[in-house]
Every structure is written in structure tokens, then in C-alpha cells.
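Right, one structure below, let's go through it.
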Amino acid sequence: MLNETTPARGRRLGRPARGTEGDATLRILNAAMPIFLAEGFEAASIDGISAAAGVSKKTFYVRFSSKADLFEAVCLRFIEERIPAIEREAGYFGSASECLHRIALASLKVALTPDVIAFQRVITAEALRFPQFALLMNDFGQTRLHSIIERCLEQAVESGEITVPDIRFAAECFLNLTIRPPVDRAVLGLERAELTHVKRETLKRTTEFFLRNCRT
């Protein structure tokens with residue numbers, strides 16, 4: 001079994017070969033993700049991550065100044081691998097109901113997975129000591145999702161389908177009504193991290209409830 005200082009068998013640790021520096025960074029990021037998700041931020045060690053990546057601690061510190069610096073990079077990568085799927089699903093066509101439902105459904109398909117819920121738990125656990133983790137999640141994840149919803153609402157207002165005096169506030173209300181509750185319940189362990197038939201039906205009802213209040 002590898003310990004925090006033992007290199008992987010058959011792999012020499014230390015300075016990467018010339019021209020493979022980016023590969024070493026990628027290996028560190030690939031190794032760090034499952035370790036952070038399985039062990040949490042506090043328990044995860046640089047020794048363990050370096051060993052799993054097949055690099056030395058010296059190589060690690062050439063690329064990342066600290067474990068927190070690495071986690072921020074992992075966080076950004078984690079978001080960038082998932083938000084585009086929601087953006088592709090948005091489509092921005094059809095009625096407001098169809099557009100909003102696609103966005104919310106795509107968001108829940110991404111969010112209600114074990115990896116995303118585990119990631120949210122790590123960020124929540126470290127919120128007091130490392131508020132920058134939550135800020136990254138908000139600025140690069142939630143803000144982009146917010147913008148997707150705003151664009152859908154803007155098109156519906158322009159077409160005369162709904163009346164919304166404050167697009168930003170309405171988008172926040174939609175998030176709070178349709179997406180955040182099931183994700184929060186999964187993070188707290190009250191529900192499983194999966195998109196069930198009941199959750200899909202609830203999503204349809206809450207989307208229509210939201211729109212009814214935008215048509216009056």
C-alpha cells in the first residue's frame with residue numbers, strides 16, 4: 001500500500017521530463033479530485049495526492065502553492081466540466097415554460113449526482129476557514145447558471161409571454177423554487193442524489209407555479 005511518501009511502483013518521481021510539465025499538472029488534478037471527494041479537504045494530504053499522481057512533493061509545489069490552491073484549481077475544473085452541459089440544454093427556444101424547464105432539468109441532472117453532492121459537502125464543511133471555495137462556486141457556477149435563466153426570462157418578456165419588472169430577482173426566485181431545494185436536501189442527506197420521477201414531476205409543477213405568478 002502506498003503511504004504519503006512512497007512513489008507508485010514502476011514510476012520514478014521528481015522533476016517531470018522536459019515538455020511534460022503540463023502533464024504533471026493534469027495528473028495532480030486528476031488524482032486530487034477523487035481524494036478530495038472521498039476524504040474531504042481536511043483529511044486529504046499533499047503526500048497522498050502527490051503519490052497518487054506519481055509526482056514528488058517538489059513537483060507539486062512548483063505547480064500549487066498549497067492544498068487550498070490545488071482545491072481552488074480542482075473546483076474551477078469541476079465547474080467547467082459541468083456548466084457547459086446546462087448551457088447546451090438551455091436552447092433558448094420554445095415557450096418560457098419549455099425553456100425554463102429544460103434549464104432546471106439539465107441543472108438537476110448535473111447537480112443530483114454523487115460527485116457534485118460530495119463536492120458541495122466539502123465546500124460547505126470548509127466555508128468558515130476557506131470562504132474562497134464557496135465564492136468560486138458562486139462566481140463561476142451559480143452566476144453562470146443565473147445568467148442562463150435570466151436570458152430565458154428576458155426572451156419571454158420581450159415576446160410578451162410574461163411580465164417581470166426585475167429579471168435578476170425573478171431568476172433568483174426561480175433558482176430558489178426549483179433547483180436549490182432538492183440539491184440542499186441531497187447535501188444534507190435527506191434525499192438520495194438522483195433525479196427521480198417524483199422530482200421531475202415536482203419540477204414541472206414548480207416551474208408552472210413560478211410562471212403563473214409572472215403572467216399576472
Side-chain angles (χ1 to χ4, degrees), residues 1-6 22 24-87 104 106-149 171-172 175-195 199:
M1 179 179 294
L2 293 175
N3 59 33
E4 291 189 354
T5 59
T6 303
T25 300
L26 186 60
R27 292 206 309 272
I28 294 170
L29 290 170
N30 287 340
M33 173 65 75
I35 291 175
F36 280 134
L37 293 184
E39 302 179 10
F41 178 82
E42 180 64 25
S45 71
I46 291 174
D47 284 335
I49 292 169
S50 298
V55 302
S56 68
K57 287 182 69 175
K58 180 178 179 180
T59 297
F60 176 93
Y61 280 114
V62 167
R63 285 152 181 79
F64 303 98
S65 62
S66 64
K67 185 168 65 170
D69 184 37
L70 170 62
F71 188 80
E72 289 184 32
V74 168
C75 182
L76 286 173
R77 188 177 185 222
F78 191 85
I79 295 168
E80 286 300 324
E81 289 176 345
R82 287 158 177 80
I83 289 292
I86 302 173
E87 293 173 331
S107 299
L108 291 179
K109 284 180 180 178
V110 168
L112 292 178
T113 58
D115 280 359
V116 173
I117 295 304
F119 201 71
Q120 293 270 19
R121 287 171 178 161
V122 174
I123 290 175
T124 300
E126 301 298 333
L128 288 178
R129 289 196 307 153
F130 298 100
Q132 66 267 33
F133 298 163
L135 286 172
L136 276 174
M137 181 64 77
N138 180 75
D139 292 347
F140 292 91
Q142 292 291 335
T143 298
R144 285 173 66 179
L145 178 56
H146 210 283
S147 296
I148 296 170
I149 297 170
E172 185 69 18
L175 269 173
N176 289 334
L177 184 65
T178 61
I179 300 171
R180 287 196 175 117
V183 174
D184 288 347
R185 288 194 293 270
V187 170
L188 291 172
L190 300 176
E191 295 178 357
R192 295 181 64 180
E194 59 184 6
L195 187 55
K199 289 174 185 173

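All residue numbers refer to positions in the sequence shown, counting from 1.
Going from atom CD1 of I49 over to atom CD of E39 covers 8.0 Å, rounded to the nearest 0.5 Å. Between I149 atom CD1 and E172 atom CD the span is 8.5 Å, to the nearest 0.5 Å. Distance check: L135 CG to Q142 CD gives 12.0 Å after rounding to the nearest 0.5 Å. Atom-to-atom distance recorded for K57:NZ and I46:CD1 is 6.5 Å, nearest 0.5 angstrom. Interatomic distance, R185 CZ to L112 CG, rounded to the nearest 0.5 Å: 9.5 Å. Note that CD1 of I86 and CZ of R144 are 9.0 Å apart. Values are rounded to the nearest 0.5 Å.
Between F36 and L70, the closest side-chain pair of non-hydrogen atoms falls below 4.5 Å. Within the 4.5 Å cutoff, side-chain heavy atoms of S66 are placed close to those of D69. At least one side-chain heavy atom of S107 sits less than 4.5 Å from a side-chain heavy atom of L145. Between L136 and I123 there is no side-chain heavy-atom pair separated by less than 4.5 Å. Contact of the M33 side chain with the R77 side chain is not registered, since no non-hydrogen atoms from C-beta on lie closer than 4.5 Å. Between L108 and P182 there is a side-chain heavy-atom pair separated by less than 4.5 Å.
More than 12 non-hydrogen atoms from other residues, nucleotides or ligands lie less than 6.0 angstrom from CG of L190.
Taking every heavy atom of both residues into account, V183 and A111 meet most closely at CG2-CB, 3.7 Å. Taking every heavy atom of both residues into account, F130 and A68 meet most closely at CE2-CB, 3.9 Å. Closest approach of A193 and A186 over heavy atoms only: CA-CB, 4.3 Å. Nearest heavy-atom pair, V116 versus V110, reported as atom, atom and distance to 0.1 Å: CG2-O, 3.2 Å. Of all the heavy atoms in A24 and R63, the pair that sits closest is CB-NE, 3.7 Å. Closest heavy-atom contact between P181 and L175: CD-O, 4.1 Å.
Electrostatic pairing of E72 and K67 does not count as a salt bridge here, judged by no charged N lying under 4.0 Å from a carboxylate O.
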Residues F140, C75; criterion side-chain contact (heavy atoms from CB on, under 4.5 Å); working and verdict: CA-CA 9 Å; F140 292 91; C75 182; over 6 Å; no

Set out, in order, the CA-CA distance, both residues' side-chain angles and the distance that settles salt bridge (charged side-chain N to carboxylate O under 4.0 Å, His left out) for E191 and K199, then state yes or no. CA-CA 11 Å; E191 295 178 357; K199 289 174 185 173; 3.5 Å; yes

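Every pair passing salt bridge (Lys or Arg N to Asp or Glu O under 4.0 Å) that includes a residue from residues 126-137 is listed here, sequence neighbours excluded: E42-R129, E126-R129.
Residues satisfying the side-chain contact (heavy atoms from CB on, under 4.5 Å) criterion with V122, sequence neighbours excluded, are F41, F71.
A cation-pi arrangement is present between R82 and F78, with the terminal nitrogen or guanidinium carbon under 6.0 Å from the aromatic centre and inside a 45° cone about the axis.
Formation of a donor-acceptor pair under 3.5 Å by the T59 side chain with backbone atoms of V55 is not found in this model.
Taking the six-membered ring for Trp and thresholds of 30 and 60 degrees, F64 and F60 have ring planes inclined between 30 and 60 degrees apart.
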